[in-house]
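Along the sequence shown, residues are numbered consecutively beginning with 1.
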Amino acid sequence: MKKRALAWLCALCCMACTPKTVISPTYDFNQMNRIGIMAFSNAWADLNGVENLFAKYFIQAGFKVVERAQLESILREHNISVSGYLDPSTTREIGRILGVDVLLIGEVSSYSPARTELTLSTTHRSESRPVMQQDVMQLPDGTYVAYTRQVGTEVSRQSETRPTEYTINAKVAVVAKLVDVQTGEIVWIGSDSAESSRALDAADYLARQLVKSFSKELAKREKL
């Protein structure tokens, strides 16, 4: 049991190095029927509603989801705070009230908005033309004839500097985890980052990829 716990802890520590997901090797996912979606911690208005993207992809993957607005409304009615750390007693109460088995909790860990920058680009052009000279040549019969010959090459160079505009994509990083409501145990955790011209497009990609990775890992578990 200690070896399993150590392996699980090591796997979680590696999350900072690779954008992958880690699933608990001991948790019985057969008991996971309903997922409660919590509002993600997020300091940026551009990314409000990221948790709804996860709800969409969990539903597409075949899971039953209690969406954030409904969850928070019921919790307010029961005067349960969902900010900050959720201790096991709070998660158990949430599970009892909502009939959910796990909670999806997450945060937007970093965000760089898309921006436009200007740089100065310089183009160089060169043009060459022959330098000609007229000369006189005496023929064998003693007569003279004029002719033109090339005596060199003249090269002219020009430089033109103009402003160039380019766009740097928005970059978004997300951490998401599934927490068992009875024990408070993290049974799955994933983190990833992506970039796109629009912040929500990057967030949508992250949600899709993380849920897809979770589903694949779950399918592998079921085959064992």
Side-chain angles (χ1 to χ4, degrees), residues 10-23 37-61 68 104-139 144-177 188-217:
C10 291
L12 286 176
C13 292
C14 290
M15 286 302 299
C17 305
T18 56
K20 296 181 179 179
T21 61
V22 177
I23 195 168
I37 305 290
M38 306 290 289
F40 277 31
S41 299
N42 171 34
W44 298 279
D46 290 351
L47 291 164
N48 285 341
V50 169
E51 59 278 356
N52 296 325
L53 301 174
F54 279 83
K56 175 178 68 173
Y57 288 113
F58 271 114
I59 291 171
Q60 286 185 2
R68 176 186 59 83
L104 178 72
I105 302 171
E107 67 170 315
V108 179
S109 54
S110 67
Y111 169 51
S112 299
R115 64 185 188 275
T116 300
E117 292 193 355
L118 289 176
T119 60
L120 295 178
S121 60
T122 302
T123 57
H124 302 281
R125 292 183 300 171
S126 62
E127 183 180 345
S128 60
R129 61 184 183 85
V131 177
M132 310 302 291
Q133 177 179 302
Q134 284 204 338
D135 210 340
V136 177
M137 179 176 61
Q138 185 179 16
L139 299 177
Y144 292 88
V145 62
Y147 70 97
T148 302
R149 64 188 178 92
Q150 182 176 343
V151 295
T153 302
E154 183 180 48
V155 179
S156 61
R157 294 181 174 85
Q158 292 181 331
S159 297
E160 182 180 9
T161 300
R162 62 177 61 185
T164 300
E165 183 179 279
Y166 66 97
T167 300
I168 298 176
N169 283 338
K171 296 181 180 179
V172 180
V174 169
V175 179
K177 56 188 176 182
W188 171 83
I189 186 170
S191 66
D192 205 349
S193 61
E195 57 181 86
S196 179
S197 57
R198 294 178 66 250
L200 282 179
D201 288 342
D204 187 89
Y205 172 82
L206 292 175
R208 182 172 70 251
Q209 291 301 106
L210 287 172
V211 174
K212 181 179 178 181
S213 179
F214 169 70
S215 298
K216 284 184 175 180
E217 291 175 357

For this session: Only counting residues at least two apart or in another chain, list the ones meeting side-chain hydrogen bond (donor to acceptor under 3.5 Å, both in side chains) with Glu127.
Result: none

For this session: Would you check if Glu107 and Phe40 make a side-chain contact, meaning some heavy-atom pair closer than 4.5 Å?
Result: no

Problem set entry | Over 12 foreign heavy atoms within 6.0 Å of OH, Tyr166 | yes

Exercise. Got a sec: does the NZ of Lys171 have more than 12 other heavy atoms crowding it under 6.0 Å?
Worked result: no

For this session: Spell out, as yes or no, whether a donor-acceptor pair under 3.5 Å connects the side chain of Ser109 to the backbone of Val175.
Result: no

Seminar exercise, completed: Only one of Gln150, Arg149, Glu154 passes side chain to side chain contact (heavy atoms under 4.5 Å, CB included) with Pro130, and that residue is Gln150

Exercise. Taking C-beta and beyond as the side chain, do Asn169 and Ser196 meet within less than 4.5 Å on heavy atoms?
Worked result: no

Exercise. Is the shortest heavy-atom distance from the side chain of His124 to the side chain of Thr122 under 4.5 Å?
Worked result: yes

For this session: Determine, step by step, whether Leu104 and Glu51 satisfy the side-chain contact (heavy atoms from CB on, under 4.5 Å) criterion, reporting the C-alpha distance in whole Å, the side-chain angles of both residues, the deciding distance to 0.1 Å, and the verdict.
Result: CA-CA 9 Å; Leu104 178 72; Glu51 59 278 356; 5.8 Å; no

Exercise. Is there a side-chain contact between Lys56 and Asp204 (heavy atoms, below 4.5 Å)?
Worked result: yes

Exercise. Which class fits the ring pair Phe214 and Phe58: parallel under 30°, tilted 30 to 60°, perpendicular over 60°?
Worked result: perpendicular

For this session: Take Ser213 and Gln209, measure what side-chain contact (heavy atoms from CB on, under 4.5 Å) needs, and give me the verdict at the end.
Result: CA-CA 6 Å; Ser213 179; Gln209 291 301 106; over 6 Å; no

Exercise. How about Tyr111 and Asn42: do any of their side-chain heavy atoms sit closer than 4.5 Å?
Worked result: no

